[in-house]
Amino acid sequence: MVLANSVEAVSANISQNIVKNLTQQSKVALRANKGDVDRFYADFYAANPTQSFAWLDDGKITSRSKEVLSLLEKSHYKGLFPKNYHVGKINELVASDLANVEDQQLLDLLMTDAALSYLRDLSVGQPELIVVEQKNWLLPRDKFDSVAQLNGLLSASDLAAQVATVEPKHEQYHLLLDSLAKVLDSEASDEVETTMAVGGKMSLNDQNDKVLLLNNRLIELGYLDSAKKDQKLFDSETKKAVQAFQNEHLLEPDGVVGARTQKELNKTKQDRATQLITNIERWRWMPKDLGQHYLVWRWMPKDLGQHYLVVDIPSFEYYVVKDGVETVRAKTIVGMAQRSTPVFMAPMNHIVFAPYWNVPRSMAVKDKLPQLKKDPERLARSKIRILDKNGNEIDPSMVDWSQYNANNFPYRLRQDPGTYNALGKVKFMFPNEHAIYLHDTPQKSLFGKTERTFSSGCIRIENPVQLAEYFLKDQDWKVDRIQKAYDGSKEQTVRLKEDMRFPVYTIYMTTAVDANGKTVYRSDIYDRDGAMQTKIAKLSLNP
């Protein structure tokens, strides 16, 4: 071992200047925070004054170094990228004789940077991917101390157990990792997969070369019998196979192969691996403890136990979890692509029965003003009143609507409670800057659709009375009282008890593992996967 009080040891210690010189000379970029690298070495030398290296002993890498290097080499099974952890250069240095101090310093520095960044990436996400979705992903992020975690890694008796402590505990995260491993290990991963040009439609009784490709692709994916190989006819069996595929991918199962279905059919094993990585990454961005919410103005965690509600946007469902057990689940309707439901979190606060609907200004000028110009009485038939700035009701027939546009529209629109109300008969409020909430809807038939992107951003739910019962069960609200308030005509606000003001999360996950253990790939309804997948392709799965 090199002694710290020797001339050689003093020069071997890795200082800020040495880090700068090594990275410049070797042309390597560090991914860990520079301050973390410096802090790690300062802490290391303070605790180990007779050692010059964290990862080397007597000119050779330690057994712990070999264990960590093995983790880095297999990092693609975690949806990470070995080349981000200097695997190639580290192995090159390990294979050399490490005869000079500069090579030893470089190896030690690269191992430190790799371990710091690996632990961070594994726990809270990769900076290169976070930046891609930072405008759309508005959930609070957990803090992570890379240096403390690396110190724990170096001293741990069980490396795997120590690494597991930094990973997300969410069940879906681990199930998706299993799915990724199966895709990566698939023996048929190098087989050529059938693709078709996207455009036009195919439906029952069509007969052409594109249908041949469709039938062959359905066979490859396991939806159609191999006897149909190279068949050019879109027959009833093809339609059934298409509908099964559409059902599993939450596309409207009409049996017609349009552009959306064609794009999903064209996704290869590599595309699916990338989609899995995309969603594994998103789970890392989730708070580790979903039962905590963060008071944004104070940034202090408030522990309400493991109790939370999740709106899974691409699955068109929401569910409530209490202490690991699902208590409520139902269908949702979410925002259309041009008015998408954002990804964020806010604590539930109160319920409003028989709510008024105050039409958002953006909707008032984009949707309602054109209707008023065509027919001034149109809104009145839906019980929507027009109010001036003082709250006085305006007779729509007495206004020249042609003079108004998005810039000078001076009125406020409000819909009365009742059957016509766009919010239905109850809304569930978790106040937030996006003005998003859960609510009932008079358009119950839309829940019969598979792909349910019909709202202007808020989340319509299928079972509002059941959810109201869940929230109010400990507040002396019996079922008949809830039903009476639900069917009432007078707005009534009910504040929730403190222990029911748990976090509401809206999340965007385009793949999941269902209750039967099947990996389900959902349609990317807001086209958010593309940018992530482009970046993932650049980062590459290969060392």
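Because only heavy atoms are used, hydrogens play no part in the values below, and waters and symmetry mates are left out as well, while side chains stay in.
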May I ask you to decide if the ring planes of [X] and [Y] are parallel, tilted or perpendicular, using 30° and 60° as cut-offs?
X    : Y    : value
W137 : W285 : perpendicular
F44  : F40  : parallel
Y85  : Y118 : perpendicular

Gap separating the [atom1] atom of [X] from the [atom2] atom of [Y], nearest 0.5 angstrom:
X    : Y    : atom1 : atom2 : value
F245 : L251 : CZ    : CG    : 7.0 Å
R282 : N136 : CZ    : CG    : 9.0 Å
L309 : L438 : CG    : CG    : 6.0 Å
L56  : Q105 : CG    : CD    : 10.5 Å
S146 : R39  : OG    : CZ    : 8.0 Å
R64  : E67  : CZ    : CD    : 4.5 Å

| T261/M202 under side chain to side chain contact (heavy atoms under 4.5 Å, CB included): CA gap, chis, key distance, verdict | CA-CA 10 Å; T261 301; M202 291 175 277; over 6 Å; no
Salt bridge between [X] and [Y], side-chain N to carboxylate O under 4.0 Å?
X    : Y    : value
E167 : R284 : no
D225 : K228 : no
K34  : D38  : yes
D121 : R31  : yes

Student check: side-chain heavy atoms of [X] and [Y] closer than 4.5 Å:
X    : Y    : value
T165 : Q162 : yes
V513 : D178 : no
K331 : F316 : no
I90  : I61  : no
K89  : E92  : yes
M286 : D142 : no
L180 : Y77  : no
V183 : T519 : no

| Test log, rule salt bridge (Lys or Arg N to Asp or Glu O under 4.0 Å), inputs E220 and K229 | CA-CA 10 Å; E220 290 171 0; K229 185 172 176 59; 5.9 Å; no
| query | Among H249, R260, R522, which residue meets the side-chain hydrogen bond (donor to acceptor under 3.5 Å, both in side chains) test with E451? | reply | R260
Classify the side-chain pair [X]/[Y] by whether it contains a donor and acceptor separated by less than 3.5 Å.
X    : Y    : answer
N215 : T238 : yes
Y521 : N279 : no
Q533 : D271 : no
Q275 : T511 : no

Which atom names give the shortest non-hydrogen contact between [X] and [Y], and what distance separates them?
X    : Y    : value
P314 : S523 : CB-O, 4.2 Å
A32  : V37  : CB-CG2, 4.1 Å
S75  : F81  : OG-C, 3.8 Å
C458 : S455 : O-OG, 2.6 Å
L119 : L153 : CD1-CD2, 4.3 Å
E248 : Y223 : OE1-OH, 2.8 Å

Would a distance-only check, ignoring hydrogens and angles, find a side-chain to backbone donor-acceptor pair under 3.5 Å from [X] to [Y]?
X    : Y    : answer
D524 : D529 : yes
T506 : F344 : yes
Y308 : D289 : no
R452 : T332 : yes
Q262 : M196 : no
T341 : G457 : yes
K535 : E128 : no
Q104 : L98  : yes
T195 : N266 : no
Q246 : V256 : yes

| message | Determine whether L177 and K78 satisfy the following criterion, side chain to side chain contact (heavy atoms under 4.5 Å, CB included), listing intermediate values before the conclusion. | response | CA-CA 6 Å; L177 284 178; K78 296 290 188 181; 4.2 Å; yes
Within the supplied structure, the quantity of interest is the number of heavy atoms (other residues, nucleotides, ligands) at a distance under 6.0 Å from [X] [atom1]; does it exceed 12?
X    : atom1 : answer
K169 : NZ    : yes
E171 : CD    : no
K263 : NZ    : no

| request: Identify whether NZ of Lys or CZ of Arg in R528 sits under 6.0 Å from the centre of the six-membered ring of Y508 and within 45° of that ring's axis. | output: yes
| request: Could you please spell out the steps behind the side chain to side chain contact (heavy atoms under 4.5 Å, CB included) verdict for V321 and Q306? | output: CA-CA 7 Å; V321 174; Q306 283 300 310; over 6 Å; no
| Between R460 and L446, is a side chain to side chain contact (heavy atoms under 4.5 Å, CB included) present by the stated rule, with each step listed? | CA-CA 10 Å; R460 307 176 198 173; L446 293 179; 3.7 Å; yes
